[in-house]
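One structure below.
Side-chain atoms are counted along with the backbone in the values below, which use heavy atoms only and exclude waters and symmetry mates. Proteins come first, then strands; the chains are lettered A, B, ... in the order of their sequence lines, and each starts at number 1.
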Amino acid sequence: MPRKSAPRSKARNEIRLAAECTLAQAADLKSVLVRMASSPACITIDVQATQRIDAASLQLLCAFVRDRKSQGRGVAWRGSTPVVEEAARRLDLHGLMGFAPDGANRQ
Amino acid sequence: MTLDLTQFHGVFFEESFEALDSMEAALLKLDVGAPDRERINTIFRVAHSIKGGSATFGFSEIASFTHSLETLLDELRSERMQVTKAISNQLLQSVDVMREMLRAVQAQQPLNAQRIADVQFEIELIIAQAPKAPAAAARPAAAAPAPPSPSQNTGVQSAATPAAPPAARDTPPRWHISLRPFPQFYDRGNDPLLMFEELAALGRLEVRVNASTLPSLERIDEKSCYLSWDLMLTGTTDESAVRRVFDWAEGDCEVEIRGEHTATPSAASAPAAREDEPVASTSSALTEVEAREVSGIGETGSIRVGVEKIDELMNSVGELVITQSMLDELARASTEAIPESFREGLEQLARNVREVHESVMRVRMLPISFVFSRFPRMVRDLAQKLGKDVELTLSGESTELDKTVLEKIGDPLVHLVRNSLDHGIEKPQVRIAAGKKPTGALRLHASHRGSNIAVEVSDDGAGLNAERILAKARSRNIVGPQETLSEEQIYSLIFSPGFSTAEQTTDVSGRGVGLDVVRRNVKELGGSVELRSDPGRGARFLITLPLTLAIVDGQSIAVGRENYIVPLSSIIESLQLSQGTLSSIAGRGEVFAFRGDYVPVIRLHEMFGVTRKHESDRGIIVVIEGDGRRAGLLVDELLGQQQVVIKSLDVNFGRVDGVSGATILGDGSVALILDLPGIIRRANTRLNS
């Protein structure tokens, strides 16, 4: 079965989140995140296409950001869709995921 | 592996239908002009929950329709729009559409897209065309939740909902909620995101996550939940509404809900509050009951169990009753001396079995309000259609009866209510001319009477016109031209198939189909229908039904070598037959004098073709009552009394005249359970022929 979720984009240090990021796609998302976790460069996560995200996916993203932060490595967010940020805010995960209160760190 | 959400569909539909019932009940109680805000909030929350569930399961049409409805309700609850009669009707129609949509999706049938689109369009039109009233924020007396003061926010890393309307007169209740998901939480279809959205619809929500147990990314099982949350909800909501948000997650998490109500009415705010409250003389207790009614199902301390599981339990109890009877029988038949302690043990067992049986029966018992709840809407709609003013009064709604009986009583009651509305209660001008109030009264009342339940449908309408009924019966050759009938017999004619005195057939009633169905259905349940009428002043139908259909207290009787069971509740008296007790009526059978009346005698051995033990003038007469009439059963012997488990014969043998079922006795033999209304009917038919 073709894997559509969380593809790595053509840019080497970028992860583009799929339109649907739910439990059904969580295994795919995790494998992409694990692959990128030890990359020394700043990883950009593109949320432009994401229309739906659940707590399980946010939990993975949260662990990814926290692990990288603890290793002194950066994560940046890209995309103007508010879905991911609002969901993170609703679950009080926005701080852990590195979203600034006003979304200023979005690229 | 993809989570199979279809496993949750059953619960979703069940809960949604119940929620719609609550929504409908709340809508019917909504006072146009001066609506109760909390009631509108409740209706809004129901719509919101159904929308959320529908979206989760991918029922996009339902979610879209409910979204429009939710928008309208939001306008109403924020008081930007006022509740009018047209809006109230539109909301009720929307409930119908949602019910139809849910039914169609549940049955995997196509949706009635045109009807859905029409109603949705009407909702949107109402919203678009409505003159907007000032928002609730401008009304200082409104009981809206207040935003927390800056000091309340200090030090709390919180995710707060947008600012709530200001200026509450009391500090609204605060709910501290602790959500501790188990690892399987996500995998069982739970998403805290949706839960928190639902909570946010109830008031101002602050969220604090605990991510201390979140392992490193590599060690995470992506389907397990490692987070937990502490929440604070501020808003005028009740605990059941908060708890309902977590209903779906039962068994997948620990939820603690702690309320903190800090009402601080100031001297200045108190009078304003009174001005703003609706003028009503209801006591606080009544308000609580109403609130509970509105909040509906899903109260704390209850679990949802499938009917099949209860039926299995009921069957096992039935077998237990049979085994206990068998042990009793063995002890009785034993020729050896039985130790006293063994006898005591058997008696204890009998008591315990009865207790277990009663407990299981209680589990199957449901309040009749499940059936009554459909009538406010039905009466409102029908009265409107017929141009009548009708006030419906429901009482005894908490009277409980077996689920099986409950399911079958609905249709007969609908027929009776429609009949009362169409033929009983007159139009306002007719009532005024007759010196009555223009508004007719229709009353449904339920009560327990021994092992039966009595449901009464009465009205203060025109009553039954005996002359007209008789004339109609004569014209249709149901009654002979010279035949004289008592008033009771004339009234019972309206239960004949196809009988109607209505001059015009309407789509409400008048086709003569209905009352015969009522009597047939009620009789099939082992019950009876009684009718009283006071011409010009009203009519009363009284349905009497057994509380349960599963186990009955029975009297064993012997006829020849056969044993039969007579339901104990139907036995009035047993008499030793002596010579000259019975009188023959040429060609019509026999009767005997009983308490100043003549009662037909039924010789059971003739009916069932068995040979009697005694001569014809010896034996016992068991006087029974069923369907409001009496008869005497001529039997050889009275045996013991015992609980018997009713086993249906219909499945294997079809319907047997005079027999309602069978049971297995303690010695393993089978005894037929007598259908007393059927037997009495047969005896009376013969006597009157």
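- Only the side chain of A/Leu96 comes within less than 4.5 Å of a heavy atom in chain B; its backbone stays farther off.
- Under the 30°/60° scheme for interplanar angles, the aromatic rings of B/Phe13 and B/His9 are found to stand perpendicular.
- Interface residue A/Asp67: only side-chain heavy atoms are found under 4.5 Å from chain B.
- The residue among A/Gln59, A/Lys30, A/Arg66, A/Arg52 with the most heavy atom pairs within less than 4.5 Å of chain B is A/Gln59.
- Using a 4.5 Å cut-off between heavy atoms, B/Phe185 does not touch chain A at all.
- Screening A/Thr50, A/Val84, A/Leu61 against A/Ile45 for a side-chain contact (heavy atoms from CB on, under 4.5 Å) leaves a single residue, A/Leu61.
- Comparing A/Ser70, A/Ala87, A/Ala37 by how many heavy-atom pairs each has under 4.5 Å with chain B, the most go to A/Ala87.
- Side-chain polar atoms of B/Ser49 and B/Glu15 form no donor-acceptor pair below 3.5 angstrom.
- Counting non-hydrogen atoms of other residues, nucleotides and ligands closer than 6.0 Å to CD of B/Gln184 gives a total above 12.
- Taking 4.0 Å as the cut-off between side-chain N and carboxylate O, B/Asp230 and B/Arg180 count as a salt-bridged pair.
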